[in-house]
Amino acid sequence: MITRRKFLHRSSLATTALLMNRLPGLHQAPAVKPLTINTSTLAKFVDPLPIPPTIQPVDRRASPANPSVTVPCYRAAMRAFEMKVHRDLKPTQMWGFGSGFPGPTFDVRSGQEIMVEWANELPDKHFLPIDHNLSGAGKDQPEVRTVVHLHGGKVAPESDGFPEDWMVPGKSATYHYPNNQEATMLWYHDHAMGINRLNVYAGLFGVYLIRDGVEDSLNLPSGKFEVSLVISDRLFTPEGQLFYPVSDKPDAPWVPEVFGDGILVNGKLSPYLDVAARKYRFRVLNGSNARFYHLSFENGAALNQIGTDQGLLPAPVSLKAFVIAPGERADLVVDFSAHRGEQMILKSDAFAIMQFRVSADKVDDASSLPTALRPIPKMAESQAVKTRLLSLDEYQNRVAEPVLMLLNGTYWHQPITEKPVLNTTEIWTLVNPTDDAHPIHLHLVRFQILDRRRFDIFSYTSKRELKFTGPAVPPEPWEAGWKDTVRAAPGMVTRIITHFEGCTGRYVWHCHILEHEDNEMMRPYEVIAAT
Ligand code: C2O
Ligand code: CU
Ligand code: CU
């Protein structure tokens, strides 16, 4: 996935960042202190995996859907705090929900609506480098702005966290979540226009689980045997603070992607988890700004994937490894019973993500890994009333650095071009002539991946002629369920099919590489009523 151009670009970026951050006024700087530490030199597996608390409602409020009933209301405040991300690092300043990162976990039932008051109690100044050239982040805008989006939630537009619906410190917004959707792992995160990448990097996200009767009936590992693993990468200064890299242009600090060498699980660098020799269910979220993970066990143990972004797969898929892009989720069952007394490392290429210390004791395990999970009716292409051809475009400067990314050649502020009709099905054909894999996410809907297919990039970029050069490849087994985020692979056309249902109104679709999203790789779309 990393081409030569990208590799060169990234290495030069690292050096220019070093030069730019020399102390001001020191022309003959003595030994330049490194800006970031090499986290691989920190001791591994010395911190236990933290488990974020489950949030509890604070009161009940009238439902906006039906004022004669009251529904549980939660309150989650965004605050600045310090936390230890590693035994041997000083506490790190972060922003998060409540008092930790990741934020508290919501654990709700399908069909049971809730309200959440999201409160911005952050300071007035940002601590990460804002680029005022980006849409919505001009010098005339308040520095600290947040708006919360429930990723994967089927939510009305006024509660969806439209990027321009942000609030400043001291304000709050109460959103309504109907939870009228199948059991799955969603996540909530900031979505503020032009600074989303910084707010999420600062720590503004958490997990939101929806449960239902189908899931209950499967007897999957539960309680303390069900654990969320929120994975994200960061760079750290020698003082243990978050480091967000900048370009070599002081007035335009935006960089095309950020990759940290420190990988956090639930807010700790390379943690460990003591496990019993039995089955566990792991709910994995890639909450990174830009990094894709290629997850596997170092000892080759099987990962049984039972679900994806929008819920359970039809049947478990036994995998040695799989790829998870920013924004995607994976629901896994791992059986440690054949590994009593072992220490197993979950890795991504050269990175040791975390360690599982399997107890030597034999235990009874009454949970199951059923052979059938939840039937998924395959959406027929013939249902689609419209097919949209949408390109993913990257623009480079003279030295081949990406400077801008657009969806279908259009900027955020241009008039809305995607207006699907409520209760109709469409196919979105995502043409990716760039060198990057872009994880494309649509708000409101769940979709199925139809296929991916290689095409002739040159004839597309020069003549807008779409010529396929390979066969249509079906989705990977771990993606063959309901999705809300799809890897649009480089040099390929990726087709998805979706039914627009639930609400009319204005939503967004975007690349989930947050640096891309903040630099125009996001567009509004509108679900309109049938006439
Ligand atoms: Cu995960 Cu538009 O977001
Ligand atoms: Cu979303
Ligand atoms: Cu992208």
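As the structure is a prediction and not an experimental result, all values here were calculated from the model. Whatever order the structure lists ligands and atoms in, that order sets their numbers, starting from 1.
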**Heavy-atom side-chain contact between Cys503 and Pro157 under 4.5 Å** = yes

**Message:** Between Asp484 and His441, is there a side-chain heavy-atom distance shorter than 4.5 Å?
**Reply:** yes

**Prompt:** Which N/O/S atom belongs to His510 and is the closest one to atom 2 (Cu) of ligand 1?
**Reply:** NE2

**Request:** Name the orientation class of the two ring planes belonging to Tyr208 and Tyr177 (parallel below 30°, tilted from 30 to 60°, perpendicular beyond 60°).
**Result:** perpendicular

**Item:** Phe205: which of Trp95, Phe97, Trp187, Tyr188 passes ring pair (Phe, Tyr, Trp, His ring centres under 6.0 Å)
**Value:** Trp187

**Prompt:** Thinking salt bridges, do Arg452 and Glu476 make one under a 4.0 Å N-O criterion?
**Reply:** no

**Asked** So, are Arg291 and Asp349 salt-bridged, with charged N and O less than 4.0 Å apart?
**Response** no

**Message:** With ring pair (Phe, Tyr, Trp, His ring centres under 6.0 Å) as the test, pick out the partner of His512 among His189, His191, His438.
**Reply:** His189

**Request:** Flag the pair Arg197 and Glu517 as a salt bridge only when some basic side-chain nitrogen lies within less than 4.0 angstrom of an acidic carboxylate oxygen.
**Result:** no

**Message:** At a cut-off of 2.8 Å, what protein N/O/S atoms sit near atom 1 (Cu) of ligand 1?
**Reply:** His151 ND1, His189 NE2, His512 NE2

**Salt-bridge contact Glu226-Arg211 (side-chain N to carboxylate O under 4.0 Å)** = yes

**Request:** With the Cu ion (ligand 2) as the centre, enumerate protein N/O/S atoms below 2.8 Å in chain and residue order.
**Result:** His149 NE2, His441 NE2

**Complete:** Exactly one of Val431, Asn408, Ile440 clears side chain to side chain contact (heavy atoms under 4.5 Å, CB included) with Leu392, and that residue is Ile440

